[in-house]
Amino acid sequence: MERLRQDDPSHVGPYVILARLDADSTERTVPERRYLGRTADGQRTVLVCVPRIGADPSRWAIEAEGARRLSVPRFLDIAEVGGTAGFPWYAAPYTPALPLPAVLAAYGGPLPEETVRRLGAALAEALTAAHAQGVTHAGLSPAAVLVTASGPLLTCFGAVRATAPDGVTRAGLPGLDPGCLAAEQASGGRPLPLGDVFALGAVLAYASTGHTVPEQSELPPGLRTLVGSCLSSDPAVRPQSAREVLRALVSPGAGTAHTAPPQKAHPVDAHPVAGTVLDHATVPLPGRVVAALAAWSAALLATELPSPQRPFAPAQKVH
């Protein structure tokens, strides 16, 4: 939980803004401004998101409304979309959560391989469900992953689509982590599921090393083949579905490299992988991360609403 700055709004829709979700050090790679807010009566606390300054609010609003209509496991459940054409916003019920960069900061560095596998499996399962519905997330990055006690949530839906129109190079634009952009997307191509697979590889790399574009030697030996194939600039070499990534994460040693052209997805891809060595429905967190989550939640719950400003009254002359 970060203190508000002078350029942050005091209110968004019906919500009083209490704090920022993201640290200044990660702001460059967060595609929207994210706040913690509360209703004026103090009864509800929510995550409130608005476009970055300088972003196209109309494109951002289109993606926000699209996200609200989705029903995908582990995608952030958006409850409200509101605002004006120039200042749209959306809100989601608050769940104690840390952005993935804050998780690494709390842990003190890259996460253990088992934690990375479980985290990645949960994300891969979410992407598998989304792709089965014909939905590409197009915004996966470390900042888009919110880690909760019950597993990760995916936010920033459609960030690549919202940042710039098709045909315009997106690499280097504010709010997008260039390490999470597949070559075909960085050059302006339409976001597709294999772009999500690339971004998932970048998130796995980040969780394992602290970088979205690591050296091969930095990756844990058990993840080098998988992450390396996900991050291939050639889509045909990547795992051809999020389900393949899921299978590799929950079954260490499974082959992942591909040289064949993409195959048409089979309907079975919509079903979760069963009988694996990991239970990817949960992501046990290191003790330091659990403590940080608890401290974050306690600090927010203890935050009081700002006192209403009293109207200015001139001093009365005393006789």
*Considering residues at least two apart in sequence or located in another chain, which fulfil the salt bridge (Lys or Arg N to Asp or Glu O under 4.0 Å) criterion with Arg34?*
Asp22
Point-to-point distance, once rounded to the nearest 0.5 Å, from [atom1] of [X] to [atom2] of [Y]:
| X | Y | atom1 | atom2 | value |
| --- | --- | --- | --- | --- |
| Leu181 | Ser187 | CG | OG | 10.0 Å |
| Leu123 | Leu127 | CG | CG | 7.0 Å |
| Ser208 | Leu223 | OG | CG | 5.0 Å |
| Leu98 | Trp296 | CG | CH2 | 5.5 Å |
| Glu27 | Glu2 | CD | CD | 10.5 Å |
| Leu249 | Arg118 | CG | CZ | 11.5 Å |

Could you report the tightest heavy-atom contact between [X] and [Y], atom names first, then the distance?
| X | Y | value |
| --- | --- | --- |
| Phe198 | Ala182 | CD2-N, 3.5 Å |
| Ile78 | Ala64 | CD1-O, 4.1 Å |
| Leu140 | Ala199 | O-CB, 3.5 Å |
| Cys180 | Pro142 | SG-CD, 3.6 Å |

Under 3.5 Å donor-acceptor, [X] side chain and [Y] backbone:
| X | Y | value |
| --- | --- | --- |
| Gln133 | Ser71 | yes |
| Arg38 | Thr45 | no |
| Thr29 | Gly175 | no |
| Gln240 | Arg238 | yes |
| Ser251 | Ala248 | no |
| Arg224 | Leu219 | yes |
| Thr128 | Ala124 | yes |
| His137 | Gly139 | yes |

*Kindly write out the residues that satisfy side chain to side chain donor-acceptor pair (under 3.5 Å) with Arg52, not counting sequence neighbours, or none if the list is empty.*
none
*Show the numbers, then the answer: is there a side-chain contact (heavy atoms from CB on, under 4.5 Å) between Ile62 and Arg161?*
CA-CA 10 Å; Ile62 290 171; Arg161 290 184 293 263; over 6 Å; no
*Measure the acute angle between the ring planes of Phe75 and Phe157, then classify it against the limits of 30° and 60° as parallel, tilted or perpendicular.*
tilted
*asked:* With side chain to side chain donor-acceptor pair (under 3.5 Å) as the criterion, how do Arg44 and Tyr94 come out once you've worked through the C-alpha distance, each side chain's angles and the decisive distance to 0.1 Å?
replied: CA-CA 8 Å; Arg44 286 194 299 130; Tyr94 171 70; over 6 Å; no
*Under the salt bridge (charged side-chain N to carboxylate O under 4.0 Å, His left out) criterion, do Arg117 and Glu113 qualify, and how do the steps go?*
CA-CA 6 Å; Arg117 283 184 174 276; Glu113 182 177 336; 3.1 Å; yes
*Do Val16 and Leu21 belong to the same hydrophobic cluster, where Ile, Leu, Val, Met, Phe, Trp and Tyr are linked whenever their side-chain heavy atoms lie under 4.5 Å apart, directly or via other members?*
yes
*Is it the case that one hydrophobic cluster holds both Leu104 and Leu154, taking links as side-chain heavy atoms less than 4.5 Å apart, direct or via other members?*
yes
_If you apply the rule side chain to side chain donor-acceptor pair (under 3.5 Å), what do you find for Ser232 with Asp234, and how did you get there?_
CA-CA 5 Å; Ser232 173; Asp234 183 354; 5.6 Å; no
*State whether Arg68 and Glu65 are salt-bridged, where the test is any N-O pair (Lys NZ or Arg NE/NH1/NH2 against Asp/Glu carboxylate O) under 4.0 Å.*
yes
_Of Leu47, Leu76, Val12, the residue whose pairing with Tyr90 passes side-chain contact (heavy atoms from CB on, under 4.5 Å)_ = Leu76
*Check Ser58, Cys49, Pro51 against Pro88 for a side-chain contact (heavy atoms from CB on, under 4.5 Å) and give me the one that passes.*
Pro51
*Step by step, work out the side-chain contact (heavy atoms from CB on, under 4.5 Å) result for Val81 and Trp89.*
CA-CA 6 Å; Val81 174; Trp89 55 267; over 6 Å; no
*Not counting sequence neighbours, which residues clear side chain to side chain contact (heavy atoms under 4.5 Å, CB included) with Thr95? List them please.*
Thr148
